[in-house]
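Let me begin by presenting the structure, written as structure tokens, before commenting on it.
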Amino acid sequence: MKPSLPKGVRDFTPQQITKRNYIFETIKKVFIKYGYQPIETPVMENLSTLTGKYGEEGDRLLFKILNNGDYLSKANKAALEKLNSNALTSSISKRGLRYDLTVPFARFVVQHQNDITFPFKRYQIQPVWRADRPQKGRYQEFYQCDVDVVGSDSLMYEAELVQIYDEVFSNLNLPVIIKVNNRKVLAGMAEVAGIADKMIDMTMAIDKLDKIGIEGVRGEMQKRGISNEAISTIEQILEITKLSPLKEAFINSEIGTKGVEELEQFHQYFDLKTPTNEVVFDVTLARGLNYYTGCIFEVKAKGVKMGSIGGGGRYDDLTGMFGLKNVSGVGVSFGAERIYDVLEELEGFPKEDTSALKVLLTAFDADSHLYGFSCLNWLRAAGINADLYPTPSKMNKQLKYANTRNVPFVVIIGKNEMDTGQLSVKNMNTGEQQSMTIEDLIQFLS
RNA sequence: GUAGUUGUAGCUCAGCUGGUUAGAGCGCCGGAUUGUGGUUCCGGAGGCCGCGGGUUCAAAUCCCGUCUUCUACCCCA
């Protein structure tokens with residue numbers, strides 16, 4: 001049988017894991033510094049927890065898990081006969097793989113509401129699954145790094161989360177542009193244009209502005225049944241780039257005004273410190289997920305053709321679906337896979353691998369191999385990453401192995417070394433070789 | 001879900017309008033070099049040509065289906 005993998009998923013080599021961990025560690029360090037605590041949730045959730053939270057498209061992309069046992073005996077026979085997959089699904093699948101980390105987190109908060117104190121600040125770094133067609137920067141299994149805080153509507157957290165974005169990408173030496181908008185501004189826009197009921201259609205259209213241009217957006221809105229009059233109102237607002245004129249445009253829209261005020265307050269906090277990266281207000285930022293209600297964020301890498309590498313926003317009533325009302329949350333997500341791809345393209349990964357092997361011991365015969373193993377114990381006891389070639393064999397072969405392991409130092413042990421206690425230590429970069437005792441070697445490598 | 005694209009040695013890929021035994025580079029193994037790597041030279045192993053069906057005297061090559069790869073759309077990190 002030829003080994004293979006399902007589409008959209010990947011193995012990771014040690015080299016790749018090292019790089020991925022570099023991203024995860026950098027992110028995690030910032031999360032912890034800002035006072036967030038880790039949680040984990042299971043890879044599978046009840047399908048009822050997941051469905052209906054991500055819109056129609058999201059439901060289609062959910063991975064469903066077939067029930068165990070004789071699932072057909074309990075299947076919806078009518079749906080089966082009519083070959084109606086949608087109706088059949090709920091009768092043969094009660095579980096699914098999580099689609100993101102936010103909804104499971106909402107469930108977690110409701111279920112553990114008595115064990116946690118609000119505001120609750122958590123971070124979560126785990127894989128999620130989407131049955132999407134794979135393409136550039138898009139996989140069916142990928143990691144998300146989420147930070148959220150629930151139980152407070154303070155705009156301080158919006159500012160804090162954007163600071164986290166700024167700090168993480170600055171630590172990764174990855175220049176980004178962080179876009180900020182507010183769902184209420186979009187709602188105000190729809191209201192002013194007299195199409196409050198078509199807000200979703202409007203936002204989906206203007207979200208594509210930088211891809212299809214203003215003409216494309218116009219066509220898209222027409223296609224979605226928005227009148228030309230409304231479109232021209234929307235276009236006028238889209239040209240606004242500052243908050244104060246926007247506020248004037250929303251003089252007759254309570255929700256739009258509220259949105260601008262929230263953005264103003266966000267800036268009061270955020271402007272107290274100068275960010276490293278570019279942080280801009282962008283009315284055209286819409287973001288797909290339907291549960292956002294306040295500020296929304298999106299991060300794009302500069303100088304690389306890649307979709308967004310992070311996004312998030314405030315959601316006022318996510319836990320309401322699970323029966324806990326009036327708990328506001330705000331959070332952002334880092335797309336680790338895309339950050340990886342961008343860093344790879346920009347050659348932004350650090351050269352040195354501190355976790356790698358420091359020294360490889362080699363031996364010529366059975367006696368020196370045993371002797372080498374005891375040296376190995378000493379080195380490891382001293383906390384030095386060390387290894388011994390598994391069999392005494394030709395030096396040629398052992399040194400070639402050392403090359404592929406990319407080891408900076410090799411210790412060569414034979415009869416001479418055992419007799420004198422002076423180990424031969426070879427620098428694999430320069431080829432230089434010197435003799436020293438095991439104590440000196442430990443000192444040397446520490 | 002729609003459209004295009006890809007699949008040949010471990011990896012990257014050649015292989016013409018169908019025609020004997022399917023190639024190259026890199027990697028791997030062995031040797032030159034029995035206590036010294038990266039360079040060089042010599043030798044060797046390794047292939048259901050993605051899978052299934054069809055056309056044909058004859059298919060890696062043409063046709064159909066299917067899976068996979070990458071890409072665009074949709075949507076999204």
Side-chain angles (χ1 to χ4, degrees), chain A residues 1-10 13 23 27 54-62 85-86 98-102 125-146 165 176 200 203-205 207-208 211-212 216 220 223 286-290 297-301 305-312 332-342 360 362-365 368 389 392-418 423-435:
Chain A
M1 190 185 119
K2 202 175 169 185
S4 66
L5 233 35
K7 74 170 161 200
V9 300
R10 302 155 296 160
T13 62
I23 294 172
I27 291 173
Y54 310 103
E56 208 177 307
E57 185 71 12
D59 285 353
R60 200 169 60 98
L61 300 180
L62 278 174
S85 304
N86 282 337
R98 63 165 172 254
Y99 178 90
D100 72 356
L101 300 178
T102 307
I125 299 177
Q126 290 191 275
V128 304
W129 291 267
R130 296 182 190 178
D132 210 353
R133 283 281 169 86
Q135 51 182 274
K136 188 177 170 66
R138 181 185 274 191
Y139 310 95
Q140 294 201 334
E141 177 184 57
F142 60 98
Y143 271 74
Q144 286 192 329
C145 314
D146 273 30
Y165 266 146
V176 295
I200 302 276
T203 53
M204 283 173 91
D207 196 30
K208 297 175 190 165
K211 197 186 258 177
I212 59 179
E220 185 86 9
K223 212 171 69 192
R287 291 203 53 77
L289 295 170
N290 296 326
F297 315 106
E298 188 162 288
V299 183
K300 295 205 107 180
K305 203 176 169 224
M306 175 75 77
S308 69
I309 56 176
V332 297
S333 181
F334 292 77
E337 322 295 334
R338 287 189 179 176
I339 293 172
Y340 183 101
D341 289 346
V342 170
L360 178 79
T362 61
F364 284 109
D365 51 45
S368 52
Y389 196 83
S393 47
K394 287 167 82 173
M395 202 34 63
N396 189 322
K397 192 167 182 164
Q398 301 192 64
L399 289 176
K400 273 186 173 162
Y401 177 74
N403 272 336
T404 63
R405 289 293 303 269
N406 209 8
V407 195
F409 295 99
V410 167
V411 172
I412 296 164
I413 305 168
K415 192 166 184 312
N416 298 343
E417 285 78 6
M418 284 170 66
L423 306 175
S424 298
V425 180
K426 186 179 179 72
N427 180 323
M428 293 300 280
N429 291 321
T430 64
E432 283 167 18
Q433 200 163 313
Q434 52 181 313
S435 297

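Owing to the predicted nature of the structure, the values given are computational and were not obtained by experimental measurement. Protein chains get the first letters and strands the later ones, always in sequence-line order, with residue 1 at the start of each. Basis for what follows: all heavy atoms, side chains included, without hydrogens, waters or symmetry-related copies.
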- Query: Looking only at N and O atoms, is any donor in the side chain of A:K394 or the base of B:U34 less than 3.5 Å from an acceptor on the other one?
  - Reply: no

- Side-chain-base donor-acceptor pair under 3.5 Å for A:Q398 and B:U36: no

Mind checking the [atom1] distance from [N] to [M]? Whole angstroms is fine.
| N | M | atom1 | result |
| --- | --- | --- | --- |
| B:G7 | B:C74 | P | 28 Å |
| B:A77 | B:C11 | C1' | 30 Å |
| B:G25 | B:U40 | P | 13 Å |
| B:A22 | B:U66 | C1' | 25 Å |
| B:U5 | B:G23 | C1' | 25 Å |
| B:C13 | B:G50 | P | 15 Å |
| B:A32 | B:U36 | C1' | 16 Å |
| B:G47 | B:G37 | C1' | 32 Å |

- Message: By a 5.5 angstrom centroid cut-off and a 30 degree plane limit, is there stacking between A:F364 and B:G35?
- Response: no

- Message: Could you check whether A:F334 and A:Y165 have their ring centres less than 6.0 Å apart?
- Response: yes

Protein N or O to nucleotides 39-43 of chain B N or O, pairs below 3.5 Å:
none

- Reading 5' to 3' through nucleotides 65-74 of chain B, protein heavy-atom contacts under 4.0 Å coded B for base, S for sugar-phosphate only, - for none: ---SS-SBBB

Separation of [N] [atom2] from [X] [atom1] (nearest whole Å):
| X | N | atom1 | atom2 | answer |
| --- | --- | --- | --- | --- |
| A:I200 | B:C76 | CD1 | P | 10 Å |
| A:D207 | B:A77 | CG | C1' | 13 Å |
| A:I413 | B:G35 | CD1 | P | 15 Å |
| A:N427 | B:U36 | CG | P | 18 Å |
| A:L399 | B:U33 | CG | C1' | 13 Å |
| A:N406 | B:G38 | CG | C1' | 11 Å |
| A:E417 | B:G35 | CD | P | 12 Å |
| A:N396 | B:G31 | CG | P | 9 Å |

- Query: Within 45° of the six-membered ring axis of A:Y99 and under 6.0 Å from that ring's centre, is NZ or CZ of A:R130 located there?
  - Reply: yes

Measure the [atom1]-[atom2] distance between [X] and [Y] for me, rounded to the nearest 0.5 Å.
| X | Y | atom1 | atom2 | answer |
| --- | --- | --- | --- | --- |
| A:E141 | A:K7 | CD | NZ | 15.0 Å |
| A:M418 | A:S368 | CE | OG | 6.0 Å |
| A:M395 | A:K400 | CE | NZ | 13.5 Å |
| A:N406 | A:M428 | CG | CE | 9.5 Å |

- Query: So which heavy atom on A:S393 is nearest to which on A:Q398, and how close?
  - Reply: O-NE2, 2.7 Å

- Item | For the student: nearest non-hydrogen atoms of A:D207 and A:A286, plus distance | OD1-N, 3.5 Å

- Message: Starting the side chain at C-beta, find the nucleotide from B:G35, B:G37, B:C76 nearest to A:R130.
- Response: B:C76

- Task: Verify whether one side chain among A:D132 and A:Y139 offers a donor that lies under 3.5 Å from an acceptor in the other.
- Result: no

- Message: Any strand counts, and the cut-off is 3.5 Å on both contacts for Watson-Crick or G-U wobble. Which nucleotide pairs with B:G25?
- Response: B:C11

- Base-pairing mate for B:C62 - Watson-Crick or G-U, with both contacts under 3.5 Å: B:G54

- Donor-acceptor contact below 3.5 Å, side chain A:T362 vs main chain A:V411: yes

Heavy atoms under 4.0 Å, any strand shown: does [X] hit a base, just sugar-phosphate, or nothing?
| X | answer |
| --- | --- |
| A:I412 | base |
| A:S333 | nothing |
| A:N429 | base |

- Parallel, tilted or perpendicular, as decided by the 30° and 60° cut-offs, for the rings of A:Y389 and A:Y401: perpendicular

